[in-house]
Amino acid sequence: MSNKLFKSILKTDNRLDLKQTLFSGQSFTWKKIDLLSAYYVTKINKTIIFLREIEPGIIEALSSSKKINGLPINQFLFNYFSLEIDDIKVFPQRFKNDFPEVWRRVEPYHGVRIMRQDPFEIMVTFMCAQGIGMHLIRRQVSMIAEGYGQKVGLEMPEGEMIFHCFPIPSALASADPDELALCTNNNRIRAANIIAMARSFESGKLALALVGSGECDLETLRETLCAHSGIGLKIADCIALFGFGRFDTFPIDTHVKQYLWEWFGIEAARKSLTEKNYRYLQKEARKILGNEYAGYAGHMLFHCWRKEIKKMKAF
DNA sequence: TTCCAGGGAAAGC
DNA sequence: GCTTTCCATGGA
């Protein structure tokens with residue numbers, strides 16, 4: 001492993017709140033680390049990458065390779081943080097008139113970007129996100145990476161640091177259910193579901209079905225994902241939003257359900273999330289948030305709701 | 001002890 | 001088809 005780190009600079013005119021974006025519950029592999037100053041670090045494919053905000057709109061990246069997925073680091077990051085999306089256009093113009101109080105609350109969260117992450121990683125991650133607290137999701141993802149991901153060392157002034165890649169599909173496809181369950185909150189059903197999904201992915205069946213899914217309609221993508229045990233509508237929507245850049249997807253979980261009632265007065269949001277009601281609530285949410293960026297706006301609202309109303313401090 | 005946490009699936013009507 | 005119940009586990 002080379003000890004050299006390559007430095008690059010990412011500049012953007014759009015707002016990017018690095019910390020809030022990384023810890024808003026869409027990615028669970030980023031960690032905060034203090035070197036000479038505070039950095040956030042993760043591995044993307046085989047590349048270790050450190051990020052630090054120098055000043056608003058300027059991000060410094062230190063990476064163990066010059067390219068990720070064939071792209072120079074700053075180009076990769078531009079796409080990774082979906083910085084081509086003009087954040088001010090995420091909410092429809094009429095929104096700020098119709099819901100001035102909500103707008104006042106959510107406006108400061110426009111630096112929360114939706115990230116384009118690896119589909120397989122997102123699939124595993126959100127299969128771990130079923131009826132469970134967010135810190136436990138983070139713990140599961142960390143343990144899965146430590147247990148099944150390739151280990152890479154990096155020589156730092158303070159000594160060697162160890163990083164773990166997120167496991168490749170074959171590593172999880174061949175995992176022992178009882179052993180993997182130690183990483184999935186002792187939930188064997190979840191472990192078995194992840195293994196089955198990884199086998200489907202590895203065999204190429206799922207992967208092929210998902211190729212070009214950027215163009216396929218949302219319902220087809222959902223059906224493909226929901227065919228797997230452990231993936232229902234909500235988790236499928238999260239995978240579409242965070243793993244396939246489908247910003248028009250609008251996942252509804254317990255928090256979203258709460259703000260749909262409290263902030264927008266949608267009566268049906270007080271009832272349970274049956275599939276019928278789930279689809280109905282999505283329709284109602286699109287009336288308010290528009291279609292194209294419904295999920296993008298929804299994630300800003302989601303993070304805002306948890307921070308401001310639920311007073312959640314820990315990520 | 002009870003309730004909640006980024007739900008899903010089987011059972012019941 | 002739609003709704004209710006059950007499942008699963010850890011933490012506050």
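Order of the sequence lines sets the chain letters (A, B, ...), proteins ahead of strands, with each chain counted from 1. All values below were derived from every heavy atom in this structure, side-chain atoms included, with hydrogens, water molecules and symmetry-related copies excluded.
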Do [Y] and [X] have ring centroids that are under 6.0 Å from one another?
| X | Y | result |
| --- | --- | --- |
| Tyr40(A) | Phe50(A) | no |
| Trp263(A) | Tyr259(A) | yes |
| Tyr148(A) | His164(A) | no |

Applying a 4.0 Å non-hydrogen cut-off, can you work out what [X] is touching in the nucleic acid: base, sugar-phosphate, or nothing?
| X | answer |
| --- | --- |
| Tyr278(A) | nothing |
| Lys310(A) | sugar-phosphate |
| Gly230(A) | sugar-phosphate |
| His303(A) | nothing |
| Thr274(A) | base |
| Arg138(A) | nothing |

Taking 4.0 Å as the cut-off, does a side-chain nitrogen or oxygen of Arg139(A) come that near to OP1 or OP2 on dG10(C)?
no

Please list, for nucleotides 7-9 of chain C, all pairs of protein and nucleotide N/O atoms separated by less than 3.5 Å.
{"unit_1": "dT9(C)", "atom_1": "OP1", "unit_2": "Asn186(A)", "atom_2": "O", "d": "2.7"}
{"unit_1": "dT9(C)", "atom_1": "O3'", "unit_2": "Asn185(A)", "atom_2": "O", "d": "3.2"}

Check the pair Trp30(A), Phe23(A) against ring pair (Phe, Tyr, Trp, His ring centres under 6.0 Å), reporting the backbone distance first and the verdict last.
CA-CA 8 Å; Trp30(A) 285 87; Phe23(A) 296 102; 8.2 Å; no

Tell me whether Asp87(A) is salt-bridged to Arg113(A), with the criterion being a basic N under 4.0 Å from an acidic carboxylate O.
yes

Would you call Arg279(A) and Glu275(A) a salt bridge, using N to O less than 4.0 angstrom?
yes

Which whole-number value in Å describes the distance from [X] [atom1] to [N] [atom2]?
| X | N | atom1 | atom2 | result |
| --- | --- | --- | --- | --- |
| Met115(A) | dG6(B) | CE | P | 18 Å |
| Leu273(A) | dA5(B) | CG | P | 12 Å |
| Ile239(A) | dG6(B) | CD1 | C1' | 12 Å |

Distance only, no hydrogens: is a donor on one side chain within 3.5 Å (strictly under) of an acceptor on the other, for [X] and [Y]?
| X | Y | result |
| --- | --- | --- |
| Glu146(A) | Ser142(A) | no |
| Arg52(A) | Tyr39(A) | yes |
| Arg116(A) | Asn79(A) | yes |

Which of residues 255-268 of chain A have a heavy atom under 4.0 Å from DNA chain B?
His255(A), Gln258(A)

Between dT3(C) and dA5(B) - C1' atom distance, rounded Å:
23 Å

Pairwise P distance for dG6(B) and dC6(C), with rounding to whole Å:
24 Å

Give me the stems containing DNA chain B, sorted by first residue, counting only three or more consecutive Watson-Crick or G-U pairs with both distances under 3.5 Å; say none if there aren't any.
B:2-5 with C:9-12, B:7-13 with C:1-7

Would Arg270(A) and Glu267(A) count as a salt bridge (Lys or Arg N to Asp or Glu O under 4.0 Å) if you check the C-alpha gap in whole Å, the side-chain angles of each, and the deciding distance to 0.1 Å?
CA-CA 6 Å; Arg270(A) 290 201 283 187; Glu267(A) 280 286 340; 2.9 Å; yes

Quick one, Glu160(A) with Lys151(A), criterion salt bridge (Lys or Arg N to Asp or Glu O under 4.0 Å). Give me CA distance, side-chain angles, the key distance, then yes/no.
CA-CA 12 Å; Glu160(A) 189 182 36; Lys151(A) 194 163 74 173; over 6 Å; no

